[in-house]
Every structure is written in structure tokens, then in C-alpha cells.
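Everything on this sheet refers to the single structure shown next.
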There are 2 protein chains.
Amino acid sequence: MKNATGLFFDAFANRNRFNILMQLRNRDMCAGDIQQTLGIEQTNLSHDLKCLLNCKFISVRKDGRKRIYRINNETKNLVDEVGKHVKNYETYLKKCGILKEEKNGRV
Amino acid sequence: MKNATGLFFDAFANRNRFNILMQLRNRDMCAGDIQQTLGIEQTNLSHDLKCLLNCKFISVRKDGRKRIYRINNETKNLVDEVGKHVKNYETYLKKCGILKEEKNGRV
DNA sequence: TGATTATATGAAATTTTTATCATATATAAA
DNA sequence: TTTATATATGATAAAAATTTCATATAATCA
């Protein structure tokens with residue numbers, strides 16, 4: 001049985017999901033907009049949005065046949081904190097040697 | 001090529017490595033102490049400590065044939081921020097439905 | 001010096017996570 | 001009321017991460 005911290009990181013530290021949170025930091029967006037901006041495949045995006053919603057990291061409202069997603073404030077702040085840390089440690093992360101640098105990047 | 005955010009989460013959001021950071025938040029410890037406290041297998045612990053060192057999330061000093069590890073201050077703060085968020089969202093994380101709760105937990 | 005304790009290394013095996021695929025539903029417009 | 005658009009669901013395939021295994025090194029002590 002995984003504990004709350006494990007579940008938290010599974011939700012938050014996932015590449016696509018964190019990218020979505022970073023986008024929503026700027027403005028509310030519907031799924032289609034996020035899809036276009038990040039290039040995430042439709043079904044993956046839908047899975048990811050549901051996860052973020054269930055965890056209450058984001059909320060949603062309806063507008064016609066679209067659904068508009070918004071990041072909550074606490075989560076936005078944490079995204080910012082992480083952003084700072086990444087910036088400060090970027091150099092070391094890149095030459096860690098244990099972490100692998102393959103794959104396509106986050107935004 | 002994975003970017004800095006991806007590398008950051010690989011280092012920081014890993015179960016064993018985050019548990020190590022949580023322990024070091026309380027006091028400096030040598031590998032043996034961490035091993036006993038967290039029950040991480042020796043070679044895994046060594047891999048994890050090297051990763052955290054290379055990323056500069058922790059530092060090390062020698063004491064006889066032991067090595068004493070210490071968390072840096074910025075990283076300690078981020079660990080605390082994450083802790084708060086986990087606490088606030090724990091209920092939702094546990095009933096997310098997409099995140100899986102198997103496996104053994106973090107401390 | 002040789003033995004012992006503490007920690008490190010690298011490759012292979014296992015497990016877990018993430019993406020893909022086929023398909024479903026919900027709302028609105030024609 | 002049929003069609004098109006927007007988004008959701010669940011099972012499996014593919015990719016990546018973590019653990020295990022065999023072994024190495026480094027410092028101290030007898």
C-alpha cells in the first residue's frame with residue numbers, strides 16, 4: 001500500500017501532468033488548447049486531466065461542449081517553488097550521471 | 001533528451017531518495033544509520049546517495065571510515081513545502097482512482 | 001600485512017509507469 | 001435526429017525505472 005507522499009509524486013511529478021500544470025499557471029484552458037500547446041495525445045491528456053482533477057490540483061467548468069480547466073492556487077505556488085529549485089540546480093542535475101537524459105522533454 | 005524538470009523529479013520524487021531527504025531533515029546521518037532507519041538495501045542506498053550528492057541536494061563529510069550526509073537548506077525547505085501539500089491533499093490523493101496504491105510505502 | 005567494516009560500482013533482471021489502441025459518451029449544430 | 005466535435009474509459013503494449021546480484025574499493029584495526 002503506497003502512502004500519500006508516493007501518490008502525490010505519482011500525480012505531480014509525472015511529465016505530462018506537470019507540463020499541464022505549468023501551462024495552466026498562465027491561463028485557464030480547455031483540453032483542446034492544452035493538447036495543441038503540449039502535443040499530448042488525446043486519450044493520454046484525458047487520463048491526465050482526470051487524475052489532476054481527482055487530486056484537486058485543478059478544477060473544471062463547462063462552456064458549451066468544452067471543459068475549461070483551472071489550476072488551484074496552492075498547487076500553482078508549489079509549481080513555482082519547484083521551478084525555482086530546478087533553475088538553481090539545473091547544472092548539477094544535468095551532470096548527475098545517474099539520472100538518464102534520454103526521452104523527449106517537458107515544456 | 002530529458003530536460004531539467006524531468007531530471008529534477010527523477011532525483012527528488014523517487015521513493016527511497018525522498019525518504020532519505022526526509023530523514024536528513026532531522027539530523028545528519030551516515031549511510032549505515034539511514035540503512036537501518038529506512039531499511040533500504042545497501043547497494044540501492046549507495047546508488048541513491050550518490051545521485052543526491054551529484055545533484056547537490058545533500059553534502060558529505062568523512063568521519064573515520066564512515067561518511068556523514070547532510071541535506072542542504074534549500075532542499076530541506078522544498079521537502080517541507082511538499083510535506084504540507086501532501087498533508088492538505090492526502091484525502092483526494094487516496095481516492096484518485098487513477099494513481100495506484102500498491103507497493104510498500106514511504107516513511 | 002591481513003582482516004574487517006563501511007560504502008561504491010556496473011550490468012542484468014524485475015517491476016512499475018506511461019503510451020497506445022479500440023471504443024464510448026456527451027453536447028451542440030445542421 | 002443525424003452528424004460532428006470534444007472529451008472519456010479500460011485493456012494491453014511499450015518504455016522506463018528500480019532492484020538485485022556479483023564484485024570492488026577505502027579506511028581502520030589487530
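Each chain gets a letter, A, B and so on, in the order its sequence line appears, and its residues count up from 1.
Spacing between atom NE2 of His47(A) and atom P of dA8(D) amounts to 10 Å, rounded to whole angstrom units. Rounded to a whole Å, the CD1 atom of Ile98(A) is 19 Å from the P atom of dA16(D). Distance, Asp10(B) CG to dT18(C) P: 10 Å, rounded to whole Å. Computed from coordinates, the Glu41(A) CD to dC21(C) C1' distance equals 9 Å when rounded to whole Å. Going from atom CZ of Phe9(A) over to atom C1' of dA17(D) covers 16 Å, rounded to whole Å. We find that CZ of Arg61(A) is positioned 17 Å from C1' of dT27(C), with the value rounded to whole Å. When rounded to the nearest whole Å, the span between OH of Tyr69(B) and P of dA8(C) equals 4 Å. Residue Leu49(A) contributes atom CG, which lies 16 Å from atom C1' of dA19(C) at whole-angstrom precision.
Proximity note for Thr43(B) (side chain, C-beta onward) versus dT20(D), dT7(C), dT27(C): the nearest is dT20(D). Distances from the side chain of Arg17(B) to the nucleotides dT7(D), dT19(D), dT18(D) place dT18(D) closest. For Asn14(B), counting side-chain heavy atoms from C-beta on, the closest listed nucleotide (dT18(D), dA22(D), dG10(D)) is dT18(D).
If you check the side chains of Gln35(A) and Thr37(A), you find no donor sitting under 3.5 Å from an acceptor. Checking Asn72(A) against Tyr89(B) by side-chain atom types alone, a donor-acceptor pair falls below 3.5 Å.
Of the two residues near DNA chain C, Arg65(B) and Gly32(B), the one whose nearest nucleotide lies more 5' is Arg65(B).
Between Ser46(B) and the phosphate of dA8(C), there is a side-chain N or O to OP1/OP2 separation shorter than 4.0 Å. For dT5(D), the OP1/OP2 oxygens have no side-chain nitrogen or oxygen of Lys66(A) closer than 4.0 Å. Applying the 4.0 Å criterion to OP1 and OP2 of dT20(D), one finds that Asn44(B) has a side-chain N or O inside that range. In terms of phosphate contacts, Lys2(B) brings a side-chain nitrogen or oxygen within less than 4.0 Å of OP1 or OP2 of dA17(D). Listed pair Asn16(B) / dA17(D) fails the phosphate criterion, with no side-chain N or O lying under 4.0 Å from OP1 or OP2. At dA19(C), one or more side-chain N or O atoms of Arg15(A) fall inside 4.0 Å of OP1 or OP2 (strictly under the cut-off).
No hydrogens or angles were tested; on distance alone, nothing pairs the side chain of Gln42(B) with the base of dA6(C) as donor and acceptor under 3.5 Å.
Salt bridge present: Lys84(A) and Glu81(A) bring a charged side-chain N and a carboxylate O closer than 4.0 Å.
No continuous path of hydrophobic side-chain contacts links Ile98(B) to Ile58(A) [ILVMFWY only; heavy atoms under 4.5 Å].
Checked by atom type and distance alone, the side chain of Arg67(B) never pairs as donor or acceptor with a backbone atom of Met29(B) at under 3.5 Å.
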